[in-house]
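In what follows, a single structure is set out as structure tokens and then discussed.
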Amino acid sequence: MRFLRSLLYMIWLIVTVVPYAVLVVTLSLVLRGTRLYRFTLGWVHLSVWGARHLCGIRSRITGMENLPDGPVILLAKHQSAWETLAFPLIMPRPLAYVFKRELLYVPFFGWALGRLDMVHIDRSKRAEAFRRVERQGKRILEQGNWIIMFPEGTRTARGMKGEYRSGGARLAIATGAWVVPIAVTSARCWPRQAFIKTPGVVDVSIGKPLSPEGRQPAELMAEVEQWIEAEMRRLDPQAYAHASH
């Protein structure tokens with residue numbers, strides 16, 4: 001049954017993304033920025049709706065009161081594609097993702113993604129990539145939008161931890177934006193690189209904002225890492241008990 005539901009969800013994503021992507025690329029000839037972003041949220045709603053009703057993946061969100069009113073850089077745990085779809089619906093401001101440029105070559109989805117005001121980078125050229133993130137990040141934050149980054153750089157398996165990189169902290173210090181750490185347990189339902197999804201609840205826990213004022217990148221990122229990993233163990237203790245074993 002899980003296989004059938006997952007297959008139906010994959011079909012749902014493909015059937016809905018193709019016409020939406022064509023519309024986004026077409027509309028981008030006359031619409032850009034926030035107005036085009038708002039239009040794309042229609043497909044995001046369909047994707048999250050499909051995950052809930054076809055695969056039984058629900059969400060439980062805590063800490064919304066921690067989101068400040070002002071420039072923000074969200075630094076989140078990354079376990080699956082679920083959070084990339086859900087965060088634009090959760091957050092009160094338009095989001096700009098920092099992502100690897102290879103995603104631009106994904107048919108339809110990547111083509112539409114490339115028309116949005118986001119930051120795509122070449123991860124093999126770190127110095128150049130950060131200059132691009134800093135330059136575009138300042139502009140995006142000044143427009144009132146928020147930036148979201150996954151400090152581990154890629155999806156991690158349930159109960160595991162990747163290397164936290166300091167790019168998000170460096171950007172926060174350069175721009176003066178608040179840093180908000182986020183823990184997400186999406187791998188309970190949507191494991192990394194897995195086709196089959198499992199019904200259940202994804203916990204999203206939003207931490208208190210951290211000021212970059214007077215901080216060093218390594219120090220700030222260490223605090224982000226400590227909070228996220230401790231919160232992950234609180235939200236999903238079974239996964240970490242298994243990993244320790």
Side-chain angles (χ1 to χ4, degrees), residues 1-3 5-6 8-10 12-13 16 40-69 72-97 146-152 154-162 164 168 178-210 223-244:
M1 181 60 72
R2 285 191 301 157
F3 175 83
R5 296 176 75 175
S6 299
L8 288 174
Y9 181 56
M10 179 60 69
W12 172 256
L13 290 178
T16 55
T40 64
L41 292 184
W43 181 76
V44 176
H45 274 286
L46 291 175
S47 302
V48 175
W49 181 93
R52 180 183 180 89
H53 292 278
L54 296 177
C55 297
I57 300 175
R58 296 169 288 115
S59 62
R60 180 168 50 215
I61 303 164
T62 58
M64 287 293 292
E65 69 280 2
N66 291 328
L67 294 172
D69 184 18
V72 168
I73 297 172
L74 304 170
L75 298 180
K77 188 73 174 179
H78 192 20
Q79 292 190 324
S80 77
W82 182 89
E83 53 267 18
T84 62
L85 297 170
F87 279 150
L89 304 181
I90 295 171
M91 297 301 160
R93 298 281 189 97
L95 300 183
Y97 282 82
W146 290 355
I147 293 174
I148 180 166
M149 302 175 70
F150 300 114
E152 292 166 285
T154 188
R155 288 168 289 182
T156 58
R158 185 183 180 192
M160 303 300 291
K161 181 177 79 71
Y164 280 69
W178 288 89
V179 168
V180 175
I182 304 177
V184 185
T185 64
S186 56
R188 280 197 301 221
C189 304
W190 189 329
R192 176 176 176 264
Q193 298 179 342
F195 174 77
I196 296 179
K197 283 72 174 174
T198 301
V201 177
V202 174
D203 278 298
V204 178
S205 179
I206 302 169
K208 293 183 178 180
L210 304 173
E223 187 171 351
V224 170
E225 177 180 353
Q226 182 180 20
W227 186 88
I228 290 177
E229 293 303 319
E231 187 69 356
M232 290 297 297
R233 283 161 173 76
R234 185 186 72 83
L235 295 172
D236 195 6
Q238 290 182 333
Y240 289 90
H242 175 72
S244 299

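Along the sequence shown, residues carry numbers from 1. Just the heavy atoms: all of them, side chains too, but no hydrogens, waters or symmetry mates, feed the values below.
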**Report entry** Partners passing side-chain hydrogen bond (donor to acceptor under 3.5 Å, both in side chains) against Tyr164 (at least two apart in sequence or in another chain)
**Finding:** Glu229

Query - Candidate pair Met91 and Ile206, rule side-chain contact (heavy atoms from CB on, under 4.5 Å), full reasoning - result: CA-CA 11 Å; Met91 297 301 160; Ile206 302 169; 4.1 Å; yes

Requested in this report: Can you sort out the partners of Glu231 under side-chain hydrogen bond (donor to acceptor under 3.5 Å, both in side chains), two or more places apart, ordered by chain and number?
Outcome: Ser205, Arg234

Under 3.5 Å donor-acceptor pairs involving side-chain atoms of residues 50-58, not counting sequence neighbours:
| residue | atom | partner | partner atom | Å |
| --- | --- | --- | --- | --- |
| His53 | NE2 | Trp49 | NE1 | 3.2 |

Requested in this report: Taking all heavy atoms of His78 and all of Thr84, pick out the closest pair and write down the distance.
Outcome: CE1-CG2, 3.7 Å

Report summary line: Separation between CD (Glu152) and CG (Leu75), nearest 0.5 Å, reads 11.0 Å

Query raised in the report: What pairs of residues pass the salt bridge (Lys or Arg N to Asp or Glu O under 4.0 Å) test when at least one of them lies in residues 190-208, not counting sequence neighbours?
Result: Arg60-Asp203, Arg188-Asp203

Query - side-chain hydrogen bond (donor to acceptor under 3.5 Å, both in side chains) partners of Thr40, counting only residues at least two apart - result: none

Query - Euclidean distance, Leu210 CG relative to Trp227 CH2, rounded to 0.5 Å - result: 9.5 Å

**Report entry** All salt bridge (Lys or Arg N to Asp or Glu O under 4.0 Å) counterparts of Arg93, not counting sequence neighbours
**Finding:** Asp69

Query raised in the report: Does the pair Lys161 and Glu225 meet the rule for a salt bridge (Lys or Arg N to Asp or Glu O under 4.0 Å), with working shown?
Result: CA-CA 10 Å; Lys161 181 177 79 71; Glu225 177 180 353; 2.8 Å; yes

Report task. For Thr198, enumerate each residue passing the side-chain hydrogen bond (donor to acceptor under 3.5 Å, both in side chains) test, keeping only those at least two apart in sequence or located in another chain. Result -> Arg2

Requested in this report: Identify the two heavy atoms, one from Gly207 and one from Asn66, that lie closest to each other, and give their separation to 0.1 Å.
Outcome: O-CB, 3.2 Å

Query raised in the report: So which heavy atom on Leu89 is nearest to which on Val44, and how close?
Result: CG-CG1, 3.6 Å

Report task. Over all heavy atoms of both residues, which pair between Pro181 and Ile228 is shortest? Give the atoms and the distance, please. Result -> CB-CG1, 3.9 Å

Query raised in the report: When rounded to the nearest 0.5 angstrom, what distance separates CZ in Phe3 from CG in Leu8?
Result: 10.0 Å

Report task. For residues Leu74 and Phe87, determine if any side-chain heavy atom of one lies less than 4.5 Å from a side-chain heavy atom of the other. Result -> no

**Report entry** Contacts of type side chain to side chain contact (heavy atoms under 4.5 Å, CB included), residue Leu46, not counting sequence neighbours
**Finding:** Trp12, Thr16, Tyr20

Requested in this report: Evaluate side-chain contact (heavy atoms from CB on, under 4.5 Å) for Gln79 paired with Val184, printing each intermediate quantity in order.
Outcome: CA-CA 7 Å; Gln79 292 190 324; Val184 185; 5.8 Å; no

Requested in this report: Report the C-alpha distance between Ile90 and Met64 in whole Å, list the side-chain angles of each, state the deciding distance to 0.1 Å, and finish with yes or no for side-chain contact (heavy atoms from CB on, under 4.5 Å).
Outcome: CA-CA 9 Å; Ile90 295 171; Met64 287 293 292; 3.8 Å; yes

Report summary line: When every non-hydrogen atom of Pro199 is compared with those of Cys189, the smallest separation belongs to C-SG, 4.3 Å

Report summary line: The side chain to side chain contact (heavy atoms under 4.5 Å, CB included) partners of Ser47 (sequence neighbours excluded) come to Tyr9, Leu13, Trp43, Leu85

Query raised in the report: Between Pro209 and Trp178, which heavy-atom pair has the shortest distance, and what is it?
Result: CB-CE3, 3.6 Å

Requested in this report: Apply side chain to side chain contact (heavy atoms under 4.5 Å, CB included) to Ala157 and list each qualifying residue two or more places apart in sequence or on a separate chain.
Outcome: Met160

**Report entry** side chain to side chain contact (heavy atoms under 4.5 Å, CB included) against Met10, all qualifying residues, sequence neighbours excluded
**Finding:** Ile14, Phe195

Requested in this report: Answer whether the closest heavy-atom distance between the side chains of Ile148 and Pro88 falls below 4.5 Å.
Outcome: no

